[in-house]
Amino acid sequence: MAFLANGFLAASSAGTSSMVSSRRSSWVRPGSKSVHRSRPSSTVVMVAPMIEKLAQTGDAFSDSCINAIRFLAIDGVEKAKSGHPGMPMGMAPTSYVLWNKIMKFNPKNPDWFNRDRFVLSAGHGSMLQYSMLYLTGYDSVGIEDLKQFRQLGSATPGHPENFETPGVEVTTGPLGQGICNAVGLAMAEKHLAAVYNKPDATLVDHYTYCIMGDGCHMEGVSGEACSLAGHLGLGKLIAMYDDNHISIDGHTDISFTEDVLKRFEAYGWHTIHVQDGNTDLNSIQAAIEEAKRVTDKPTMIKVTTIIGYGSPNKADSHDVHGAALGGDEVEATRKYLGWKHPPFEIPADVLDHFRQNVAKGAQAEGDWAKVLASYKAKYPELGAQFQSLVLNRELPSGWEQALKDAAASAGKSATRQLSQLMLNSLAPVMPNLVGGSADLAPSNLTIMKGYGDFLKATPEGRNLRFGVREHGMGAICNGIALHSSGLVPYCATFFVFTDYMRAAMRISALSQAGVIYIMTHDSVALGEDGPTHQPIEHIASFRVMPNINMTRPADATETAACYAKAIESRKTPTIMALTRQALPKLENGSFEGAKKGAYVLSDSAPSGGVADVLLVATGSEVETILQAAETLKSKGTSVRVVSMPCWEWFEEQDDAYKSSVFPPSIPKSKRLACEAASSFGWARYVDNTVCIDRFGVSAPGSAAMKHLGITADHVVAKVESMM
């Protein structure tokens, strides 16, 4: 056992990288005799002497490269007076090895298909990723962008955002989401490799790397996704766990003492422990290379680090986690690490070294282009499909007509059954459609018949079996969508269980991931399961979320239209709220009208006249207002009936179209909305509602609807009170 000059335990080169050590070297501030509290039975107490410069890797040039990463992060956070410098300082050695020695990417073409994907699940350390993008030569992040960290309109926002910064694959920040996205990215790679690779032609061949922290492990969603990843044997998923024992509250031994690697072994992962992630570059590289040799399971590499490594007074404390170091500490850190350069200045030889990745990346893409050309010559049909669907991300021909034909053949049916019809009409013409349910496929009706299950041995299958993991399911689908390879993912559960996955759905909307959310059992009409399963506020809550389409079709034609818009909307996720109960096919249902979000189903006003009242509804309540309209007409009241499957699509229309559906000549006081859900939001269009602003009841569906007032008779009575 050897000790470095600063008192750190040096990793022995004789040991194997997969050996999990029970020791962790402890940070000792200069001149101090105190050490941090460590997890039980894992403390090695070492007292460091007063020193002026911290010993590092033993190679001066490697030290300079690693410190370049550290100080770009330090300087960016310091200039912004906001951010998280500690994690980038601790994980700089791992990032240097990963980006400079392992990863395959082309900085001048961030969208190159066969690049390795990198996910910073610990998104608060975003300056680490921005520093790597700048150093390795991406055009998206220049030195001025680093200086504008966290400023309005900059390419370096507080957390990584894929829609702002080319080179950032997914949007992270909410802890745990990133590792789940990484599982989705790895699933996309494994599926496409199974579909397209041939014994003599490997077209799809890339890894997904992820850096995550203690907080990611604490969030339950990571367990959902990582459990599935182990089950599926995602051998090209490699996660690096920044084991620094610090969270915002302080040392993690106050709340998090489990053996993470044993948990991941139970998940079916290969596990490795790098005992000294601060200075032992050889062990870091050996661990990643070992992980790549394990092809039948994902790998979790625990990299034990000191958060804020190099800061003489704040390292190994929560003080360096979420705040700038401060001017005095920045200068002390410069001296301690021997970094003599002013803020944002990188020595030419260091920058040149990193920029070698530009030529390496161009060469890698060029070599792959030759593989692609050869593949197209050998397998022209699959090659053409790969070019169109994967590289060009085009939709195949005939998909929309398949939906229209399916709608034309359908009659009275529950919209969840109509959804099944649409999926199975699309499946033969859309080989890029993949998805599944959170253990509710027989209820959600989401199986594409004859297209197999994506399992460890059959990754070419297109039906994804998520198990009871709603939150993980949503986050995984975001990763599949953001793999940017033309795959169109859908996922399903009961609508009420969007409560479990709302955080992932919000990230779908924010990161422009066009996931299709198939949500059945959409109202109290689901019946006997009662209020725990009956959604009330859910429709309204998604209508107020930006960049997500909340749809509720009323029949086969509208269901087909909702699918059509959802498939076209590759940068906006779509929710379909679907019924358990059967609904009639609308006599005047319109595919194009539904795609506009709202349209007129009927109007009994005299020719050239204006209806006395306007009734509007979504989904199953369209039938309700049609029945009410007939009763009102028999009593001499003229009625306009509007079906409104999607507010968001309606709001995209021009004012002329909006006025043609909701004419100003019928004032809001003469309009009524009926929906078996919260009335919240309807005041935009009407003054009167027949809705449900309380929890549901356990009863047969029709009895529940009647008890809660969702009936044609109640609509008629409410209209008569308006007159």
Side-chain angles (χ1 to χ4, degrees), residues 11-24 91 93-95 97-98 101-104 116-122 176 178-191 193-194 205-214 216-217 221-243 258-277 280-305 454-459 467 469 472 476 479:
S12 169
S13 61
T16 62
S17 60
S18 56
M19 183 77 68
V20 179
S21 171
S22 64
R23 295 174 178 266
R24 177 181 187 264
M91 286 299 283
T94 297
S95 300
V97 171
L98 179 63
K101 298 179 181 294
I102 303 291
M103 273 177 50
K104 175 180 63 178
D116 291 335
R117 270 62 170 181
F118 173 76
V119 175
L120 186 65
S121 189
I179 181 62
C180 302
N181 297 162
V183 172
L185 292 168
M187 287 176 66
E189 193 277 344
K190 187 166 185 173
H191 173 72
D205 180 21
H206 52 266
Y207 285 81
T208 300
Y209 297 98
C210 178
I211 289 178
M212 59 190 300
D214 286 301
C216 295
H217 283 299
V221 67
S222 65
E224 294 182 22
C226 291
S227 170
L228 184 61
H231 171 72
L232 295 174
L234 300 180
K236 289 188 175 177
L237 172 61
I238 300 173
M240 284 145 286
Y241 162 31
D242 178 20
D243 173 43
E258 68 187 47
D259 189 325
V260 170
L261 293 190
K262 285 185 179 178
R263 174 157 62 92
F264 273 77
E265 287 172 11
Y267 285 159
W269 287 55
H270 181 62
T271 62
I272 306 171
H273 184 190
V274 175
Q275 300 173 48
D276 176 12
D280 191 353
L281 302 186
N282 289 336
S283 288
I284 294 170
Q285 184 170 347
I288 300 172
E289 290 173 347
E290 177 184 333
K292 293 181 71 172
R293 291 193 296 271
V294 177
T295 59
D296 63 339
K297 56 181 67 176
T299 296
M300 177 62 64
I301 304 172
K302 182 169 80 168
V303 185
T304 297
T305 67
F454 182 125
L455 298 173
K456 184 174 183 177
T458 56
R469 302 181 178 101
I476 288 168

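Note that the coordinates shown come from a computational prediction; the quantities given were computed from them, not determined experimentally.
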Verify ring-ring contact (aromatic ring centres under 6.0 Å, His included) between H217 and F264, making sure each step is shown before the conclusion. CA-CA 10 Å; H217 283 299; F264 273 77; 5.3 Å; yes
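- Contact annotation: the side chain of K302 never approaches that of T271 to less than 4.5 Å [non-hydrogen atoms, C-beta and beyond].
- Considering only heavy atoms from C-beta on, V303 stays 4.5 Å or farther from Y241 through its side chain.
- Across I272 and A291, no two heavy atoms sit closer than the pair CD1-N, 4.1 Å.
- The ring-ring contact (aromatic ring centres under 6.0 Å, His included) test applied to F118 returns W99, not counting sequence neighbours.
- Using a 4.5 Å heavy-atom threshold, the side chains of N282 and I284 count as separate.
- In this view, Y267 and R263 satisfy the side-chain hydrogen bond (donor to acceptor under 3.5 Å, both in side chains) rule, not counting sequence neighbours.
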Determine, stepwise, if the pair S227 / R469 fulfils side chain to side chain contact (heavy atoms under 4.5 Å, CB included). CA-CA 10 Å; S227 170; R469 302 181 178 101; 2.9 Å; yes
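- The side-chain heavy atoms of H231 and K456, taken from C-beta on, include no pair separated by under 4.5 Å.
- With S121 contributing its side chain and I179 its backbone, the two residues share a donor-acceptor pair below 3.5 Å.
- Within the 3.5 Å criterion, the main-chain N or O of K104 finds a donor-acceptor partner in the side chain of D116.
- Here A229 pairs with V183, L234, L237, W269, P298 under the side chain to side chain contact (heavy atoms under 4.5 Å, CB included) rule; sequence neighbours left out.
- Looking at every heavy atom in both residues, G479 comes nearest to L185 through O-CD2, 3.2 Å.
- Taking K236 as the reference, E189, D205 meet the salt bridge (charged side-chain N to carboxylate O under 4.0 Å, His left out) condition, with sequence neighbours excluded.
- With values rounded to the nearest 0.5 angstrom, R117 atom CZ is found 13.0 Å from N181 atom CG.
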Quick one: do T305 and D243 satisfy side chain to side chain contact (heavy atoms under 4.5 Å, CB included)? Show the steps, please. CA-CA 6 Å; T305 67; D243 173 43; 6.0 Å; no
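- Remark: H191 pairs with no residue by the ring-ring contact (aromatic ring centres under 6.0 Å, His included) rule, at least two apart or across chains.
- Listed by chain and residue number, nothing satisfies the ring-ring contact (aromatic ring centres under 6.0 Å, His included) test with F454 (two or more places apart in sequence, or in another chain).
- The heavy-atom pair separating A239 from M212 by the smallest distance is CB-SD, 4.1 Å.
- Side-chain contact between E290 and H270 is present, with heavy atoms from C-beta onward closer than 4.5 Å.
- Here the side chain of K190 pairs a donor or acceptor atom with the backbone of L232 at under 3.5 angstrom.
- Closest heavy-atom contact between V119 and A182: CG2-CB, 4.2 Å.
- Two residues are said to be in side-chain contact when any heavy atoms from C-beta on lie closer than 4.5 Å; T304 and Q275 fail this criterion.
- Scanning both residues, I238 and I288, for their nearest heavy atoms gives CD1-O, 4.3 Å.
- With hydrogens and angles disregarded, a donor-acceptor distance shorter than 3.5 Å links the side chain of S222 to the backbone of C216.
- Between the CG atom in D242 and the CG atom in L120 there is a gap of 10.0 Å [rounded to 0.5 Å].
- In this structure, the separation between OG1 on T208 and CE on M187 is 11.5 Å, given to the nearest 0.5 Å.
- Here the closest non-hydrogen pair linking S283 and V274 is O-CG2, 3.8 Å.
- Figure legend: cation-pi geometry between K292 and Y207, with NZ or CZ positioned under 6.0 Å from the six-membered ring centre and within 45° of its axis.
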